[in-house]
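Right, one structure below, let's go through it.
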Amino acid sequence: MTRRNEVPRTRVQRRHLATVEEVKEIARERLVREGAATLSLRAIARDMGVVPSALYRYFPSHAHLLEALADDAATSMLEHVRMAGAVLPSTDHRGRWVAQLRAYRAWVMSHVPGYTLNFGPAPERHTEHPPDDVVRRIVAQLARTLQDADADGTLDLLNHPISEVVGVTLEVPAMHDTDIDPKIFSIALAAWTAIHGIVALEATGRLPLTDKAADDYFEAQLAGLTLALGFDDQ
(Lines give C-alpha, C1' and ligand atoms only; values in the text may rest on other atoms or scores of the structure.)
Protein backbone atom coordinates (compact mmCIF):
# COMPACT_ATOMS: atom_id res chain seq x y z
CA MET A 1 0.00 0.00 0.00
CA THR A 2 1.39 3.39 -1.02
CA ARG A 3 1.30 6.07 1.64
CA ARG A 4 -0.08 9.50 0.82
CA ASN A 5 2.51 11.73 -0.88
CA GLU A 6 4.82 8.73 -1.37
CA VAL A 7 6.05 8.24 -4.94
CA PRO A 8 5.06 4.72 -6.12
CA ARG A 9 8.01 2.42 -6.73
CA THR A 10 8.67 1.10 -10.19
CA ARG A 11 8.72 -2.62 -10.97
CA VAL A 12 12.52 -2.47 -11.16
CA GLN A 13 12.74 -0.79 -7.75
CA ARG A 14 10.38 -3.35 -6.21
CA ARG A 15 12.41 -6.22 -7.62
CA HIS A 16 15.63 -4.62 -6.36
CA LEU A 17 14.23 -4.24 -2.82
CA ALA A 18 12.84 -7.78 -2.87
CA THR A 19 16.23 -9.16 -3.85
CA VAL A 20 17.97 -7.13 -1.12
CA GLU A 21 15.56 -8.54 1.46
CA GLU A 22 16.04 -12.09 0.15
CA VAL A 23 19.82 -11.76 0.40
CA LYS A 24 19.57 -10.40 3.95
CA GLU A 25 17.13 -13.11 5.04
CA ILE A 26 19.44 -15.87 3.81
CA ALA A 27 22.39 -14.08 5.39
CA ARG A 28 20.60 -13.88 8.75
CA GLU A 29 19.90 -17.61 8.64
CA ARG A 30 23.54 -18.37 7.84
CA LEU A 31 24.68 -15.90 10.51
CA VAL A 32 22.81 -17.88 13.16
CA ARG A 33 24.23 -21.20 11.94
CA GLU A 34 27.78 -20.22 11.05
CA GLY A 35 28.64 -16.78 12.44
CA ALA A 36 29.90 -13.70 10.65
CA ALA A 37 33.41 -14.96 9.89
CA THR A 38 32.28 -17.57 7.37
CA LEU A 39 29.35 -15.64 5.91
CA SER A 40 30.01 -14.99 2.22
CA LEU A 41 28.16 -13.59 -0.76
CA ARG A 42 29.30 -16.64 -2.72
CA ALA A 43 27.49 -19.00 -0.35
CA ILE A 44 24.38 -16.83 -0.38
CA ALA A 45 24.43 -16.76 -4.20
CA ARG A 46 24.62 -20.55 -4.19
CA ASP A 47 21.55 -20.72 -1.92
CA MET A 48 19.69 -18.37 -4.27
CA GLY A 49 20.74 -20.22 -7.41
CA VAL A 50 22.55 -17.25 -8.97
CA VAL A 51 26.16 -16.45 -9.80
CA PRO A 52 28.03 -14.50 -7.08
CA SER A 53 28.64 -11.53 -9.36
CA ALA A 54 24.87 -10.99 -9.55
CA LEU A 55 24.81 -9.98 -5.88
CA TYR A 56 27.51 -7.33 -6.04
CA ARG A 57 25.07 -4.80 -7.51
CA TYR A 58 23.17 -5.06 -4.21
CA PHE A 59 26.09 -5.42 -1.78
CA PRO A 60 29.51 -4.41 -3.13
CA SER A 61 31.33 -6.42 -0.47
CA HIS A 62 31.00 -8.74 2.51
CA ALA A 63 31.47 -5.69 4.76
CA HIS A 64 28.54 -3.86 3.15
CA LEU A 65 26.28 -6.87 3.76
CA LEU A 66 27.31 -7.14 7.41
CA GLU A 67 26.72 -3.43 7.85
CA ALA A 68 23.20 -3.72 6.44
CA LEU A 69 22.47 -6.63 8.76
CA ALA A 70 23.82 -4.67 11.72
CA ASP A 71 21.65 -1.65 10.88
CA ASP A 72 18.55 -3.84 10.59
CA ALA A 73 19.34 -5.46 13.95
CA ALA A 74 19.88 -2.07 15.60
CA THR A 75 16.56 -0.80 14.28
CA SER A 76 14.79 -3.92 15.57
CA MET A 77 16.40 -3.61 19.00
CA LEU A 78 15.63 0.09 19.37
CA GLU A 79 12.01 -0.44 18.38
CA HIS A 80 11.68 -3.36 20.81
CA VAL A 81 13.02 -1.21 23.65
CA ARG A 82 10.88 1.76 22.65
CA MET A 83 7.69 -0.29 22.52
CA ALA A 84 8.38 -1.82 25.93
CA GLY A 85 8.13 1.65 27.43
CA ALA A 86 5.44 2.97 25.10
CA VAL A 87 2.81 0.42 26.18
CA LEU A 88 2.93 1.74 29.75
CA PRO A 89 1.33 4.98 30.98
CA SER A 90 3.52 8.00 30.26
CA THR A 91 3.47 8.83 33.98
CA ASP A 92 4.80 5.39 35.01
CA HIS A 93 8.43 6.42 34.72
CA ARG A 94 9.80 3.65 36.91
CA GLY A 95 7.80 1.03 35.04
CA ARG A 96 8.98 2.34 31.68
CA TRP A 97 12.62 2.45 32.82
CA VAL A 98 12.55 -1.13 34.10
CA ALA A 99 10.59 -2.40 31.08
CA GLN A 100 13.03 -0.84 28.62
CA LEU A 101 16.08 -2.41 30.24
CA ARG A 102 14.37 -5.79 30.51
CA ALA A 103 13.42 -5.49 26.84
CA TYR A 104 17.04 -4.74 25.94
CA ARG A 105 18.22 -7.92 27.63
CA ALA A 106 15.40 -9.99 26.10
CA TRP A 107 16.17 -8.72 22.61
CA VAL A 108 19.89 -9.42 22.93
CA MET A 109 19.39 -12.94 24.25
CA SER A 110 17.10 -13.81 21.33
CA HIS A 111 19.22 -12.03 18.68
CA VAL A 112 22.81 -12.76 19.67
CA PRO A 113 24.21 -12.58 16.10
CA GLY A 114 22.60 -9.17 15.56
CA TYR A 115 23.86 -8.03 18.94
CA THR A 116 27.39 -9.16 18.06
CA LEU A 117 27.36 -7.24 14.78
CA ASN A 118 26.52 -4.04 16.65
CA PHE A 119 28.60 -4.47 19.79
CA GLY A 120 31.54 -6.52 18.59
CA PRO A 121 34.71 -5.04 17.05
CA ALA A 122 33.77 -1.91 15.09
CA PRO A 123 34.40 -2.44 11.36
CA GLU A 124 34.86 0.30 8.80
CA ARG A 125 31.46 1.86 8.08
CA HIS A 126 30.18 2.61 4.58
CA THR A 127 27.06 4.55 5.60
CA GLU A 128 26.52 7.79 7.49
CA HIS A 129 26.01 5.87 10.77
CA PRO A 130 29.21 5.73 12.90
CA PRO A 131 29.87 2.56 14.95
CA ASP A 132 28.68 4.18 18.20
CA ASP A 133 25.39 5.37 16.69
CA VAL A 134 23.37 2.51 18.20
CA VAL A 135 24.73 3.27 21.68
CA ARG A 136 23.82 6.94 21.41
CA ARG A 137 20.32 6.05 20.25
CA ILE A 138 19.50 3.50 22.94
CA VAL A 139 20.96 5.68 25.70
CA ALA A 140 18.96 8.62 24.37
CA GLN A 141 15.76 6.56 24.73
CA LEU A 142 16.62 5.73 28.32
CA ALA A 143 17.70 9.31 29.04
CA ARG A 144 14.33 10.61 27.87
CA THR A 145 12.61 8.32 30.35
CA LEU A 146 14.81 9.67 33.14
CA GLN A 147 14.33 13.24 31.97
CA ASP A 148 10.52 12.80 31.97
CA ALA A 149 10.73 11.46 35.52
CA ASP A 150 12.94 14.37 36.52
CA ALA A 151 10.61 16.91 34.92
CA ASP A 152 7.53 15.85 36.91
CA GLY A 153 9.36 15.48 40.22
CA THR A 154 9.49 11.67 40.34
CA LEU A 155 13.27 12.01 40.32
CA ASP A 156 15.59 14.88 41.16
CA LEU A 157 18.61 13.70 39.25
CA LEU A 158 20.48 16.96 38.94
CA ASN A 159 20.46 17.38 42.74
CA HIS A 160 20.93 13.68 43.48
CA PRO A 161 24.35 12.48 44.75
CA ILE A 162 24.63 10.28 41.65
CA SER A 163 24.82 13.44 39.56
CA GLU A 164 28.01 14.47 41.36
CA VAL A 165 29.60 11.10 40.61
CA VAL A 166 28.58 10.26 37.04
CA GLY A 167 26.52 13.24 35.89
CA VAL A 168 29.32 14.91 33.99
CA THR A 169 28.53 17.22 31.10
CA LEU A 170 29.46 15.21 28.05
CA GLU A 171 30.25 16.42 24.58
CA VAL A 172 28.31 13.76 22.69
CA PRO A 173 28.42 13.94 18.88
CA ALA A 174 24.98 14.19 17.22
CA MET A 175 23.32 15.08 20.54
CA HIS A 176 23.36 18.84 20.01
CA ASP A 177 19.96 18.87 18.32
CA THR A 178 18.11 17.04 21.11
CA ASP A 179 16.43 18.36 24.24
CA ILE A 180 18.18 15.86 26.53
CA ASP A 181 20.15 17.43 29.37
CA PRO A 182 23.80 16.36 28.92
CA LYS A 183 24.11 15.40 32.60
CA ILE A 184 21.01 13.21 32.40
CA PHE A 185 22.42 11.61 29.25
CA SER A 186 25.61 10.90 31.19
CA ILE A 187 23.65 9.29 34.03
CA ALA A 188 21.67 7.18 31.56
CA LEU A 189 24.90 6.13 29.84
CA ALA A 190 26.43 5.03 33.16
CA ALA A 191 23.29 3.07 34.06
CA TRP A 192 23.05 1.41 30.65
CA THR A 193 26.71 0.40 30.62
CA ALA A 194 26.21 -1.38 33.95
CA ILE A 195 23.29 -3.35 32.52
CA HIS A 196 25.07 -3.86 29.20
CA GLY A 197 28.03 -5.43 30.98
CA ILE A 198 25.80 -8.10 32.51
CA VAL A 199 23.97 -8.72 29.25
CA ALA A 200 27.22 -8.91 27.26
CA LEU A 201 28.61 -11.58 29.58
CA GLU A 202 25.38 -13.53 29.41
CA ALA A 203 25.06 -13.29 25.62
CA THR A 204 28.61 -14.55 25.09
CA GLY A 205 28.26 -17.41 27.60
CA ARG A 206 30.70 -15.86 30.07
CA LEU A 207 28.36 -15.17 32.98
CA PRO A 208 29.17 -17.98 35.44
CA LEU A 209 25.55 -18.63 36.42
CA THR A 210 22.74 -20.97 35.47
CA ASP A 211 19.86 -19.54 33.45
CA LYS A 212 17.67 -19.19 36.54
CA ALA A 213 20.49 -17.64 38.56
CA ALA A 214 21.22 -15.26 35.66
CA ASP A 215 17.58 -14.13 35.70
CA ASP A 216 17.71 -13.51 39.43
CA TYR A 217 21.06 -11.74 39.21
CA PHE A 218 19.88 -9.45 36.41
CA GLU A 219 16.70 -8.53 38.31
CA ALA A 220 18.67 -7.84 41.50
CA GLN A 221 21.13 -5.59 39.69
CA LEU A 222 18.33 -3.80 37.85
CA ALA A 223 16.46 -3.22 41.11
CA GLY A 224 19.59 -1.87 42.81
CA LEU A 225 20.38 0.42 39.90
CA THR A 226 16.80 1.70 39.81
CA LEU A 227 16.90 2.46 43.53
CA ALA A 228 20.26 4.18 43.15
CA LEU A 229 18.71 6.59 40.66
CA GLY A 230 16.08 7.58 43.20
CA PHE A 231 13.05 5.62 42.06
CA ASP A 232 10.86 4.28 44.88
CA ASP A 233 11.16 0.59 45.72
CA GLN A 234 8.23 -1.53 44.50
With side chains defined as the heavy atoms from C-beta onward, is the minimum distance between [X] and [Y] less than 4.5 Å?
X    : Y    : value
Q13  : T10  : yes
F185 : D181 : no
E202 : M109 : yes
H16  : T19  : no
I184 : L158 : yes
L117 : L31  : yes
L229 : W97  : yes
M48  : L55  : yes

(Q) Centroid separation under 6.0 Å, is that true for the rings of Y58 and H64? (A) no

**Q.** R33, CZ atom: more than 12 neighbouring heavy atoms under 6.0 Å
**A.** yes

List the atom of [X], the atom of [Y], and the distance in Å for their closest heavy-atom pair.
X    : Y    : answer
A188 : L142 : CB-C, 4.3 Å
I180 : A140 : CD1-O, 3.6 Å
R96  : G85  : CG-O, 3.4 Å
A74  : V134 : CB-CG2, 3.8 Å
L155 : G230 : CD2-C, 3.4 Å
D232 : R94  : O-NE, 2.9 Å

Q: Please test W107 against Y115 for ring-ring contact (aromatic ring centres under 6.0 Å, His included), starting from the C-alpha separation and ending with a verdict.
A: CA-CA 9 Å; W107 187 92; Y115 156 81; 7.9 Å; no

What distance separates [X] [atom1] from [Y] [atom2], expressed to the nearest 0.5 Å?
X    : Y    : atom1 : atom2 : result
S61  : E67  : OG    : CD    : 8.5 Å
E219 : R102 : CD    : CZ    : 4.0 Å
D211 : D216 : CG    : CG    : 11.0 Å
D132 : N118 : CG    : CG    : 11.5 Å
I44  : L39  : CD1   : CG    : 4.5 Å
D47  : E29  : CG    : CD    : 8.5 Å

Can you check whether [Y]'s main-chain N or O pairs, donor with acceptor, with [X]'s side chain at less than 3.5 Å?
X    : Y    : value
T226 : L222 : yes
R206 : T204 : yes
S110 : A106 : yes

**Q.** ring-ring contact (aromatic ring centres under 6.0 Å, His included) assessment of H80 paired with Y104
**A.** CA-CA 8 Å; H80 188 71; Y104 171 69; 10.0 Å; no

Among the clusters formed by ILVMFWY side chains lying less than 4.5 Å apart, do [X] and [Y] turn up in the same one?
X    : Y    : value
L88  : L78  : no
V135 : L201 : yes
V112 : I198 : no
V51  : L41  : no
L66  : V32  : no

(Q) Using a strict threshold of under 4.0 Å (side-chain N to carboxylate O), is an ion pair present between R105 and D215? (A) yes

(Q) If the threshold is 4.0 Å, N to carboxylate O, is there a salt bridge linking R144 and D148? (A) no

Q. Step by step, would you call L157 with K183 a side chain to side chain contact (heavy atoms under 4.5 Å, CB included)?
A. CA-CA 9 Å; L157 287 173; K183 284 194 173 184; over 6 Å; no

Q) Going through the checks in order, is the side chain to side chain contact (heavy atoms under 4.5 Å, CB included) test met by H62 and L65? A) CA-CA 5 Å; H62 175 263; L65 174 58; 5.6 Å; no

Q: Starting from the C-alpha separation in whole Å, work towards a yes-or-no answer on ring-ring contact (aromatic ring centres under 6.0 Å, His included) for F231 and H93.
A: CA-CA 9 Å; F231 284 111; H93 307 300; 7.7 Å; no

Q: Show your working on side chain to side chain contact (heavy atoms under 4.5 Å, CB included) between K24 and F59 and close with a plain yes or no.
A: CA-CA 10 Å; K24 291 195 292 187; F59 297 99; 3.8 Å; yes

